[in-house]
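Here, residue 1 is the first one in the sequence, and each next residue gets the next number.
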Amino acid sequence: MIARSSIKKDDSVNRIQELDSLRGIAAIVVLVFHYSLLQKDLLTFTKFGVTGVDLFFIISGFVITMSLERVQFGYQFAINRFSRLYPTYWTSVIFTFVIICINKSFFGYEPQNSFPISDFFYNLTMFQYYFGVKDLDGPYWTMIIEMLFYLVMGYLFLTKTLKSAVAILIPLILLGTILTEFHWFQPFSMAYFKNFPLAQSLPLFVSGILFYRLFTKDKRLLLNIGLIIGCYFLQILLFTKVGRANYYISHPEYKAVLAIYFGLFFLFVFGKLRFIVNRTTLFLGKISFALYLIHQYFSIYFLIPNLMKIGVNYYVAAFLIALPICILIATGITVFIEKPVGKSIKRILNRFVDTKIIKQ
């Protein structure tokens with residue numbers, strides 16, 4: 001039984017308001033962290049934003065499990081994910097590529113060196129990692145991790161083993177932990193994390209699955225709580241060897257921040273997180289995907305530096321100009337691309353597949 005007080009009907013889809021609010025908060029803390037890279041003094045306070053993606057990964061574990069329980073066929077899940085992600089992602093890639101070209105042509109500034117047009121097209125796939133092509137913009141590194149999780153969960157759904165997802169995935173987590181703790185410099189260890197980047201954050205996704213079990217009142221309460229705590233400690237063990245947060249925060253700091261994220265999710269699943277839900281966090285949550293994708297290069301390599309070159313104060317350039325503009329652009333992408341185009345693609349693909357099934 002799901003806690004109905006936390007669910008609101010929105011665009012014919014049940015949206016959980018606490019999750020929307022958490023998405024909005026995560027997107028903003030990541031953005032502020034990136035902005036602070038231009039003003040190192042701020043990093044003392046904002047460096048913890050580097051872990052915002054960890055919160056996104058826990059949310060994904062929860063949401064993907066819920067999504068798969070609401071579909072009958074694997075193609076429905078694939079269409080839902082494709083129509084939800086790709087229109088916004090494609091728009092963001094095109095937007096950033098245009099900004100890179102403008103920055104190079106008119107301002108003579110291109111921090112990522114030459115960027116062949118072929119790399120632009122590889123980036124449109126969202127699988128550029130496996131083509132050996134660098135990400136067009138910083139935030140894209142998380143997309144391959146998300147896509148791998150979708151593929152793994154989709155496979156478990158198709159093989160009718162989704163209910164055993166935790167039992168299947170925990171051995172992979174333990175393998176990753178053993179490799180980092182005892183065999184880190186061995187070729188197999190390096191190859192495992194390079195070829196399967198999901199491994200570096202798998203405990204976070206699995207904890208999201210377990211939080212969903214708690215949310216739906218799964219009878220195995222103590223077991224699920226125990227496994228969530230186990231995921232917390234396993235992710236902490238992975239911290240020193242993999243991931244990107246260890247460049248900016250210490251191990252004890254990561255333990256504390258991750259404990260806060262897990263604590264927020266415990267409050268959420270037990271119906272105690274309503275205090276974060278308000279118009280601002282809900283709005284930021286709805287535009288969070290677009291905001292996450294478009295803010296980094298546009299702000300810290302293009303807009304803010306060029307404003308500072310003409311004498312604009314950093315804080316004005318970053319928080320009074322770049323931030324509102326990013327929010328405005330993300331809102332436009334969400335309203336005019338993500339929602340209408342996503343719905344159209346979803347309708348067309350479902351109709352196409354349904355027609356094929358009827359003909360067979």
Side-chain angles (χ1 to χ4, degrees), residues 1-9 13-23 25-26 51 53-72 77 146 149-150 152-157 159-178 198-199 201-239 254-277 281 285:
M1 185 68 181
I2 295 176
R4 302 303 300 178
S5 62
S6 64
I7 296 179
K8 180 180 179 181
K9 201 75 170 177
V13 177
N14 286 329
R15 296 187 68 96
I16 300 175
Q17 292 185 322
E18 290 93 334
L19 291 185
D20 272 344
S21 295
L22 284 174
R23 285 190 190 98
I25 292 168
T51 65
V53 294
D54 292 46
L55 185 53
F56 278 130
F57 291 155
I58 301 173
I59 293 170
S60 287
F62 184 102
V63 170
I64 296 306
T65 307
M66 180 173 64
S67 298
L68 283 166
E69 289 200 351
R70 294 179 177 182
V71 299
Q72 288 183 296
F77 171 70
E146 292 274 359
F149 180 67
Y150 301 163
V152 168
M153 293 294 281
Y155 175 78
L156 295 179
F157 177 86
T159 56
K160 302 185 186 305
T161 55
L162 186 62
K163 291 190 180 299
S164 302
V166 173
I168 293 168
L169 294 176
I170 281 182
L172 293 178
I173 296 174
L174 293 175
L175 172 62
T177 306
I178 291 169
L198 172 61
S201 303
L202 194 52
L204 299 172
F205 288 96
V206 173
S207 69
I209 298 172
L210 291 163
F211 278 120
Y212 179 72
R213 288 184 178 179
L214 293 180
F215 185 71
T216 54
K217 311 301 181 187
D218 186 282
K219 294 180 181 179
R220 297 163 293 183
L221 176 66
L222 293 180
L223 174 63
N224 289 327
I225 291 176
L227 289 172
I228 289 169
I229 294 172
C231 286
Y232 168 80
F233 283 108
L234 290 169
Q235 185 63 40
I236 284 173
L237 288 175
L238 291 173
F239 169 82
Y254 184 68
K255 292 177 185 177
V257 175
L258 197 61
I260 291 171
Y261 293 158
F262 274 66
L264 288 172
F265 251 86
F266 273 117
L267 290 175
F268 159 57
V269 297
F270 292 119
K272 305 298 183 182
L273 198 63
R274 292 293 298 173
F275 64 88
I276 71 166
V277 177
T281 57

Checklist entry - Does the side chain of Leu234 reach to within under 4.5 Å of the side chain of Leu238, using non-hydrogen atoms? => result no
Next on the checklist: What's the separation between atom CG in Leu223 and atom CZ in Arg213, rounded to the nearest 0.5 Å?
Outcome noted: 7.5 Å
Item to check | For Tyr155, side chain to side chain contact (heavy atoms under 4.5 Å, CB included) partners two or more places apart | outcome: Thr159
Checklist entry - What's the shortest heavy-atom distance between Val206 and Cys231, and which atoms? => result CG1-SG, 3.8 Å
Checklist entry - Considering all heavy atoms of both residues, which atom of Lys217 and which atom of Val269 are nearest to each other, and what is their separation? => result NZ-O, 4.3 Å
Checklist entry - Hey, what's the ring geometry for Phe268 with Phe265, parallel, tilted or perpendicular (30° and 60° as the breaks)? => result perpendicular
Next on the checklist: Please report the interatomic distance CZ(Phe157) to CD1(Ile64), rounded to the nearest 0.5 Å.
Outcome noted: 12.5 Å
Item to check | Considering all heavy atoms, the nearest Gln235-Leu202 contact | outcome: OE1-N, 4.5 Å
Checklist entry - Rounded to the nearest 0.5 Å, how far apart are CG of Leu221 and CG of Asp218? => result 8.5 Å
Next on the checklist: For the CD1 atom of Ile276 and the OG1 atom of Thr281, what is their distance to the nearest 0.5 Å?
Outcome noted: 6.0 Å
Checklist entry - What are the two closest heavy atoms between Phe270 and Leu214, and how far apart are they? => result CZ-CD1, 4.5 Å
Checklist entry - If you look at every heavy atom in Ser60 and Phe149, which pair is closest and at what distance? => result O-CE2, 3.9 Å
Item to check | Heavy-atom pair of closest approach, residues Ile170 and Leu227 | outcome: CD1-CD2, 3.7 Å
Checklist entry - Would you find a donor on one side and an acceptor on the other, under 3.5 Å apart, between the side chain of Thr65 and the backbone of Ile209? => result no
Checklist entry - Just by modelled atom types, is the Lys255 backbone N or O under 3.5 Å from a matching donor or acceptor in the Tyr232 side chain? => result yes
Item to check | Contact check, side chains of Leu172 and Val152, non-hydrogen atoms, under 4.5 Å | outcome: no
Next on the checklist: Using side-chain heavy atoms (C-beta onward) and a distance below 4.5 Å, is Phe266 in contact with Ile228?
Outcome noted: yes
Item to check | Spatial distance of atom CG (Leu198) from atom CD1 (Ile173) [nearest 0.5 Å] | outcome: 9.0 Å
Checklist entry - Is there a side-chain contact between Tyr212 and Glu69, using heavy atoms and a 4.5 Å cut-off? => result yes
Next on the checklist: Side chains of Tyr261 and Thr51, heavy atoms from C-beta outward: is any pair under 4.5 Å?
Outcome noted: yes
Next on the checklist: I'd like to know whether Phe262 forms a side chain to side chain contact (heavy atoms under 4.5 Å, CB included) with Leu258, so could you lay out the CA-CA distance, the side-chain angles of the two residues, the decisive distance to 0.1 Å, and finally the verdict.
Outcome noted: CA-CA 6 Å; Phe262 274 66; Leu258 197 61; 3.7 Å; yes
Next on the checklist: If we ignore hydrogens and angles and just use 3.5 Å, is the side chain of Thr161 paired with the main-chain N or O of Leu156 as donor and acceptor?
Outcome noted: yes
Item to check | Side chain to side chain, Ile58 and Leu22, heavy atoms closer than 4.5 Å | outcome: no
Item to check | Ring centre gap for Phe215 and Phe62 strictly below 6.0 Å | outcome: yes
Next on the checklist: Nearest 0.5 angstrom please: Met153 CE to Ile168 CD1, how far?
Outcome noted: 9.5 Å
